[in-house]
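The structure under discussion appears below in the form of structure tokens.
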Amino acid sequence: MMNRRTLLAASAGTFAAATLARPHIARAAAPFQQPPLPYEESALAPTISARTVGLHYGKHHKAYYDKLNTLVAGKPYADLGLEEVILKAKDAGDTAIFNNAGQAWNHVYYWEQFKGGPVPAPAVLNEAAERDFGGMDALKKKIVETGDSVFGTGWVWLVADGGKLSVLGLQDAGNPIAERKTPLLGIDVWEHAYYLDWENRRPAHVAAVLDERVNWAFVASKLSA
Ligand code: MN
């Protein structure tokens, strides 16, 4: 298995020099760094309040990064990219590392999919939703129902799987990378994502997020990623 360090060792001076001149690439492995929130904390209000975003990004998401960096310190995981950590930790049964790496990754995706939103679904996504679910409204209904069916903590993901759209309800840090599927959209259904704003009304929260905050052009762009 080639990781960053063996790749560097194998490719002689020019690659190493080029990498050193581009430190943002060298920072892909540990310590893992939480990316900046791609908008103001108030950008998703009133669907998701500034207080919820502030706590969710600044406390919950940050804590997954902090814990992950503590867990991987001095281990081979520290040489890998975040997605590789997710895959290896799952295969090895390293649950704490999988959970924190998964949650670090999941929330980066979560914040990104709202940037510039709401943006309606482009034709390519409407057509895929029509083909696989009978339309965007039916697809959204499936996402809401699946999110409601996740018991306790978890996520509802829209993924591409073998050329088709699919909706997955996954527990805890469940993650489409670990499921070997292409992530398109991920809605956090842990109570910390909605309880301050929506109390126990998880389905209403998910429906509102889908209608009022998602940049569906971003989601569609991942179909061909
Ligand atoms: Mn969360």
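Numbering of ligands and ligand atoms starts at 1, following listing order.
D188 places a side-chain N or O within donor-acceptor distance of the main-chain N or O of W190, the cut-off being under 3.5 Å.
Distance check for H56 against the Mn ion (ligand 1): an N/O/S atom falls below 2.8 Å. Among the atoms of H107, an N, O or S atom falls under 2.8 Å from the Mn ion (ligand 1).
For D188 atom OD2 and H192 atom NE2, the angle they make at the Mn ion (ligand 1) is roughly 110°, to 10 degrees.
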Working note: R202 + D148, criterion salt bridge (Lys or Arg N to Asp or Glu O under 4.0 Å); need CA distance, chi angles, decisive distance, verdict.
CA-CA 7 Å; R202 184 195 288 183; D148 193 33; 5.3 Å; no
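A salt bridge is defined here as a Lys NZ or Arg NE, NH1 or NH2 lying under 4.0 Å from an Asp or Glu carboxylate O, and E145 with K141 meets this definition.
Taking the side chain as every heavy atom from C-beta outward, Y57 and H107 never approach each other to under 4.5 Å.
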